[in-house]
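Here is the structure we will look at.
Labels below follow one simple rule: chain letters A, B, ... track the order of the sequence lines, proteins then strands, and each chain is numbered from 1.
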Amino acid sequence: MVEQQSNLPTAYDPKEAEGKWYDYWLKGGFFRAGDQPDKKPFTIVIPPPNVTGNLHIGHALNMTLQDILIRSKRMQGYDALWLPGMDHAGIATQARVEARLREEGVSRHELGREKFLEKVWDWKEHYAGIIRDQWRKMGLSLDYSRERFTMDEGLSRAVREVFVRLYKKGLIYRGKYIINWDPATRTALSDIEVIHKEVQGHLYHMNYPLKDGSGHIRVATTRPETMLGDTGVAVHPDDERYRDLVGKTVILPVINREIPIVADPHVDPEFGSGAVKITPAHDPNDFEIGLRHDLPQILVMDETGTMNEQAGPYQGLDRFECRKRIVEDLREAGVLTEIEEHVHSVGHSERSGAVVEPYLSTQWFVRMKPLAEQAIRDTRSGEGVRFVPERFEKIYLHWIENIRDWCISRQLWWGHRIPAWYCGDCGETIVEMEDPTRCPKCGSEKLEQDEDVLDTWFSSGLWPFSTLGWPADTEDLKRYYPTDVLVTGYDIIYFWVARMIFTALEFTGEKPFKDVLITGLVRDAEGRKMSKSLGNGVDPMDVIEKYGADAMRFMLSTGYTPGNDQRFRWERVEAARNFANKIWNASRFALMHLQNVKAEDLSLKGPLSTADRWILHRLNETVERVSESLERYDLGDAGQTLYRFIWDELCDWYIEFAKLPLYGDDESAKRSTRSVLSHVLDHSLRLLHPFMPFITEEIWQHLPVEGDSITVADWPRKRPGFEAPEAVREMEILIETIRSVRNIRAEMDLSPKKQVDLLIRAEGETLSVFRNNEAAIRRLCGVGRLQADRAVSRPQRAMTAVVTGAEIFLPLEGLIDIDQTLARLEGEKKKLDKEVERVEKKLANEGFVNKAPAHVVEEEREKGREYREKREKVLQRLKELKGE
RNA sequence: GGACGGUUAGCUCAGUUGGGAGAGCACCUGCCUUACAAGCAGGGGGUCGCAGGUUCGAGCCCUGCACCGUCCA
């Protein structure tokens, strides 16, 4: 036997392989869609990451899943387009750049709008480069020729088009309402950008004196500082207690404002005293009540959360400082009578974390109800976007059924500037596709554009079609829209998914995607959310650096169940790295035996061994299962199926069986084994490629196969010719036998080097299985002499075991341990007794026999036969051993 | 308060129309066997949260409860 030295190193080096293939793929244009118009398109648009900074492990999960889907579709013959891009992320990016400027001692206001935006663009370019580099390191098959940015010219045109059309349709309006104000970033927020947290606070009870001196009325509040803006007190119209007070006047303490007591059905008589103070400029409910009763609206804070001139003596104080002071003062004055512990929900800014202030302000809004109607109808009739897993559809539906208007203006500079102009002379508002130069109403040229920008999600909401060229009727839009699947986290179903669906239905008349695959969070090993403040985040680049991109991808995707959170554990990355190494070494073995072998030297036509037919059959089943799992987005199952097939079956059994012919002299057997090995490895690599693109390409390039790259190799198909259920049964017998012998050897503490003899008693077809695989059995359990026959006589002193259809004996003269053997057989007997009992009980049950499907009953009968037969043999052995 | 998810081996998690409980890691034993010690071979380990119900049969379906978590108000 000539020992061939492989030129591949013994351990897989991800850095080596991952360094070279990405450029090769890009140069080859394998990721560019649209080259073959006859193919069916399959499209995914990336959820655009924010250009605020680096990608985190959640991005890595999300991107890996998309890459697996798109790569498998590409191999399956689709014209696969995965369109990359990034989001300008208004608040987040602006905040980051402002923070940087602060370090330099400059504010954005000192810099001015134009200069500041230049800085942000610089920042964007910088981080876009970093993100692209991270995509490359992860091996993502993105079509960079179609990369987009939410503030591109094309996408900005789409934003303008949508704004103008919605405005003309009356679905966008400007008005003065209570909005959520973030005093830290000094901008309005939409409802969903506010996170409600339960906070231990206080309920302050105050007595407001009646003007006529006849007493007072008691009100309660959690925000006493807002009393400075009170313009009324409200009670429920049916509340007996206050019937006589309605219409009277109260003197607001501290500032001595005279305010009326009004009756409004919105007041909850059960809460507190049943009388509530009304602050129309600082509370959404009070705002509504205020409108109904024509109460003045008085803002008592400025946009930083500092008390303003309306706050009288408290002017200039921060809102929380003001609260402390006012509580003290009111207590001294005897107005504040009681402070109660009170847990209540307080809104915080999703971005800055600051306590959000309900704030009266003029903003732009989208009327959502009319936009949501079609989406609601679609979902109810089953025509809507399909959520995977389904349960998220309910969450989505509940939200769109209860949707409220969307505040879209932001007091920022970074973003799409609102395309509205105001006439300085007549006050006309102008919203048109082209920038106006004069007022269409009065002809004035004193026009000023709105200072504000749009909520970032306004532009992201157009992403699936704006990236493909909309509103222009482009070839890409026609070909790739609607897209096939969106992969995103459950945390942005409202923010993003729902809005994309609305706008798509409104402007393209179609769903933007057929399916939405929902991912969970990647948590830390303890199950905590990863966060900057905890410092428990995992940088995907660190993972790649330590274990390679393939290992990270495999770990993330096989640990994945749609919609569920998963924990990041380094041990799992290590396991994935070990798997890569396993494949690497199996391939080294294969390549050793395929040196100087060309594709035409291989053939699966020749006579095949049991192991050959078995592994081809199992490959068939693996192809089927992996394909099906991918089809239903069960990527975790697909990955695990491959793991088990490659490691347990290909490596542990097939390769071990294959060594015999490969190291032997039979040229024909060698050739067929090589062919099978090459075929199975080739096709395993193809199935695995979407998960582990780098290592599979690296190995595939060494195999005697046709094609430029595994990225565009054909996806394996199930082949009827490979079906060999009889080979599966044969292998089961062989494996069981080999395991039994190994088990005896291990129990007897036999050195692996020590060769023993093996006798097998079997008959009929089972006997032929042993006869046909004698050499393999000998090799795999360290057997010297093997005798398989119908009439094997039991040696005097032997270890014995019973397998399906056969009895095996290991004559171990001098080594035999009767007690151990007895114990083993007794154990075996116990197990079989239990099984037999279970089966018989089942079969004795008339209900089962009559009602269970026939094949289930038959299977059960067959099991019973096998167990009884086996038990018979075990009992026989026991009798013989005891009889000695 | 409403809705949803989770509870399966020591740990982290799979378990696809209900039909003999699985994986990885960890653990124990023996091996540097000519692809791989990032490995090989063998082994131990679970009242499937609790209580009922449906069914011939329940980890899986139904009801209730407990604990953990998420979303919404």
Side-chain angles (χ1 to χ4, degrees), chain A residues 1-6 8-12 191-192 195-196 345 389 391-392 394-396 398-399 402 490-491 493-494 520-521 523 525-527 529 547 551 555 558-561 563-572 574-593 625 628-629 632 634 636-637 639-641 643-644 647-648 651-652 655-656 658-659 662-663 738-753 779-782 834-835 838-839 841-853 855-857 859-860 863-864 867:
Chain A
M1 187 198 308
V2 183
E3 196 185 309
Q4 290 178 304
Q5 229 11 12
S6 168
L8 296 175
T10 155
Y12 173 57
D191 293 337
I192 52 179
I195 300 167
H196 295 273
S345 183
R391 64 184 139 95
F392 288 101
K394 265 182 275 176
I395 294 174
Y396 158 80
H398 180 260
W399 190 69
N402 295 283
Y490 57 64
D491 51 333
I493 290 176
Y494 305 146
L521 264 41
R523 297 174 172 274
E526 277 76 50
K529 210 164 159 173
Y547 292 98
M555 172 266 170
T558 51
Y560 167 78
T561 309
N564 285 10
D565 293 350
Q566 65 170 301
R567 300 189 188 192
F568 183 94
R569 308 181 82 225
W570 285 102
E571 307 93 274
R572 286 184 49 231
E574 200 178 315
R577 187 274 313 263
N578 293 352
F579 180 48
N581 196 49
K582 188 73 183 175
I583 297 159
W584 180 254
N585 279 293
S587 305
R588 277 179 63 231
F589 172 81
L591 292 169
M592 245 179 232
H593 296 280
R625 175 148 181 189
E628 282 173 4
S629 294
R632 52 166 207 272
D634 195 348
D637 183 77
Q640 275 175 33
T641 300
Y643 184 96
R644 280 200 295 273
W647 200 312
D648 299 349
C651 294
D652 286 354
I655 286 181
E656 292 308 318
K659 281 176 181 171
L662 288 176
Y663 287 125
I738 291 164
R739 285 208 166 121
S740 294
V741 176
R742 284 173 174 171
N743 175 266
I744 291 173
R745 295 188 61 127
E747 282 185 10
M748 297 299 292
D749 223 4
L750 275 185
S751 155
K753 282 180 185 145
R779 183 191 167 89
L780 294 183
C781 36
K834 248 173 84 181
E835 293 297 330
R838 191 184 55 76
V839 172
K841 212 170 136 191
K842 218 168 175 177
L843 288 168
N845 182 339
E846 275 183 48
F848 175 72
V849 180
N850 294 333
K851 293 185 183 175
H855 75 274
V856 174
V857 178
E859 275 164 26
E860 213 60 28
K863 277 183 223 161
Y867 290 140

(message) I need the CD-P distance between A:Gln566 and B:rG24, as an integer number of Å.
(response) 18 Å

Sub-3.5 Å pairs of nitrogen or oxygen atoms, protein against nucleotides 21-23 of chain B:
none

(request) Determine the Euclidean distance between corresponding C1' atoms of B:rG57 and B:rU12; express it in Å to zero decimal places. (result) 32 Å

(request) Determine whether A:Leu662 and A:Met592 make a side-chain contact, defined as any pair of heavy atoms from C-beta on separated by less than 4.5 Å. (result) no

(request) Kindly indicate whether a cation-pi arrangement holds for A:Lys659 with A:Phe589, taking the cut-offs as under 6.0 Å to the six-membered ring centre and within 45° of the axis. (result) yes

(request) Output the single nucleotide from B:rC36, B:rU34, B:rG19 whose closest atom is nearest the side chain of A:Ala852. (result) B:rG19

(request) In whole angstrom, give the distance that lies between atom CZ of A:Phe848 and atom P of B:rA58. (result) 12 Å

(request) With C1' as the reference atom in both, quote the distance from B:rG45 to B:rU29 in angstrom, rounded to an integer. (result) 15 Å

(message) Restricting to non-hydrogen atoms, name the atom on A:Ala576 and the atom on A:Ala551 that form the minimum distance, rounded to 0.1 Å.
(response) CB-O, 3.3 Å

Can you pull every protein N or O that's under 3.5 Å from an N or O on nucleotides 69-73 of chain B?
{"residue": "B:rC71", "atom": "O2'", "partner": "A:Tyr494", "partner atom": "OH", "Å": "3.2"}
{"residue": "B:rA73", "atom": "OP1", "partner": "A:Arg404", "partner atom": "NH2", "Å": "3.2"}

(request) Specify the closest pair of heavy atoms between A:His593 and A:Tyr663, including all atoms of both residues, with the distance to one decimal. (result) CE1-CE2, 3.5 Å

(message) Between B:rC40 and B:rC32, how far apart are the two C1' atoms, rounded to whole Å?
(response) 10 Å

(request) Check whether any side-chain N or O of A:Lys659 sits under 4.0 Å from OP1 or OP2 of B:rA35, and answer yes or no. (result) yes

(request) In whole angstrom, give me the gap between the C1' atoms of B:rU54 and B:rC71. (result) 32 Å

(request) Take the protein atom CG of A:Asn850 and the nucleotide atom C1' of B:rG57, then report the distance between them rounded to whole Å. (result) 14 Å

(request) Classify the ring geometry between A:Trp399 and A:Tyr494 as parallel (under 30°), tilted (30 to 60°) or perpendicular (over 60°). (result) parallel

(request) Round to the nearest Å and state the distance from A:Ile493 atom CD1 to B:rA3 atom C1'. (result) 14 Å

(request) Identify, with sequence neighbours excluded, every residue that meets side-chain contact (heavy atoms from CB on, under 4.5 Å) alongside A:Leu843. (result) A:Val839, A:Phe848, A:Val857, A:Glu860, A:Arg861

(request) Identify whether any heavy atom of A:Ala575 sits under 4.0 Å from a base atom; if not, whether one sits that close to sugar-phosphate; answer base, sugar-phosphate or nothing. (result) sugar-phosphate

(request) Tell me which of A:Ala525 and A:Lys753 sits closer to the 5' end of RNA chain B, going by the nucleotide each one is nearest to. (result) A:Ala525

(message) Would you measure the distance from the C1' atom in B:rA58 across to the matching atom in B:rG52 and give it in whole Å?
(response) 13 Å

(message) Reading 5' to 3' and counting Watson-Crick or G-U wobble pairs with both distances under 3.5 Å, write the dot-bracket notation for RNA chain B, | for bases paired outside the strand.
(response) ((((((((.[[[[.)...(..]]]].(((((.......))))).....[[[[[..)....]]]]]))))))).

(request) Report the distance from atom CG of A:Leu521 to atom C1' of B:rG5, rounded to the nearest whole Å. (result) 13 Å

(message) Side chains of A:Asp637 and A:Glu628, heavy atoms from C-beta outward: is any pair under 4.5 Å?
(response) no

(request) Name the nucleic acid region contacted by A:Glu656, choosing base, sugar-phosphate or nothing; use a 4.0 angstrom heavy-atom cut-off, strictly under. (result) base

(message) Are A:Leu780 and A:Arg742 packed together at the side-chain level, in the sense that at least one heavy-atom pair is separated by less than 4.5 angstrom?
(response) yes

(message) Rounding to an integer number of angstrom, what distance separates B:rU47 and B:rC56 when you compare their C1' atoms?
(response) 23 Å

(message) Working to the nearest 0.5 angstrom, can you tell me the gap between A:Ile192 CD1 and A:Asp491 CG?
(response) 11.0 Å

(message) Taking any heavy-atom pair under 4.0 Å as a contact, classify A:Thr561: base, sugar-phosphate, or nothing.
(response) sugar-phosphate

(request) Answer whether the closest heavy-atom distance between the side chains of A:Thr558 and A:Tyr643 falls below 4.5 Å. (result) no

(message) Need to verify one output field. Residue with the more 5' nearest nucleotide on RNA chain B, A:Lys851 or A:Ser587?
(response) A:Ser587

(request) Starting at atom CG of A:Leu662, determine the distance to atom C1' of B:rA35, rounded to an integer number of angstrom. (result) 12 Å

(message) What I'd like to find out is whether the side chain of A:Tyr12 reaches to under 4.5 Å of the side chain of A:Arg577, using heavy atoms alone.
(response) no

(request) Quick one: closest heavy-atom pair of A:Met555 and A:Arg572, and the distance? (result) O-NH2, 2.9 Å

(request) With P as the reference atom in both, quote the distance from B:rC28 to B:rU33 in angstrom, rounded to an integer. (result) 23 Å

(request) Rounded to the nearest 0.5 Å, what's the gap from CG on A:Asp634 to CZ on A:Arg625? Could you check? (result) 8.5 Å

(request) Over all heavy atoms of both residues, which pair between A:Ser345 and A:His196 is shortest? Give the atoms and the distance, please. (result) OG-CB, 3.3 Å

Identify all pairs in which a protein N or O lies below 3.5 Å from an N or O of nucleotides 39-41 of chain B, and state each distance.
{"residue": "B:rG39", "atom": "OP1", "partner": "A:Asn578", "partner atom": "ND2", "Å": "3.1"}
{"residue": "B:rG39", "atom": "O3'", "partner": "A:Lys582", "partner atom": "NZ", "Å": "3.1"}
{"residue": "B:rC40", "atom": "OP1", "partner": "A:Lys582", "partner atom": "NZ", "Å": "2.6"}
{"residue": "B:rC40", "atom": "OP1", "partner": "A:Trp647", "partner atom": "NE1", "Å": "2.7"}
{"residue": "B:rA41", "atom": "O3'", "partner": "A:Arg742", "partner atom": "NH1", "Å": "3.4"}

(request) Using a 4.0 Å heavy-atom cut-off across all strands, classify A:Tyr12 as base, sugar-phosphate, or nothing. (result) base

Under-3.5 Å N/O pairs linking protein and nucleotides 6-11 of chain B:
{"residue": "B:rC11", "atom": "O2'", "partner": "A:Arg569", "partner atom": "NH2", "Å": "3.2"}

(request) Grab the CZ-C1' distance between A:Arg745 and B:rG30 for me, whole Å please. (result) 11 Å

(message) Distance check, rounded to the nearest 0.5 Å: A:Glu574 atom CD versus A:Glu571 atom CD?
(response) 7.5 Å

(request) Quick one: sort the A:Trp570 and A:Tyr547 rings into parallel, tilted or perpendicular, breaks at 30° and 60°. (result) tilted

(request) Measure the spacing between CG of A:Asn578 and CD1 of A:Ile583 and express it to the nearest 0.5 Å. (result) 11.0 Å

(request) Answer yes or no: does a side-chain N or O of A:Thr10 lie under 4.0 Å from OP1 or OP2 of B:rC36? (result) no

(request) In plain terms, say whether A:Lys529 and A:Asp565 are close enough for a salt bridge, that is, a side-chain N and a carboxylate O under 4.0 Å apart. (result) no

(request) Determine the Euclidean distance between corresponding P atoms of B:rA38 and B:rC72; express it in Å to zero decimal places. (result) 47 Å

(message) What is the distance, to the nearest angstrom, from the CZ atom on A:Phe589 to the C1' atom on B:rU33?
(response) 13 Å

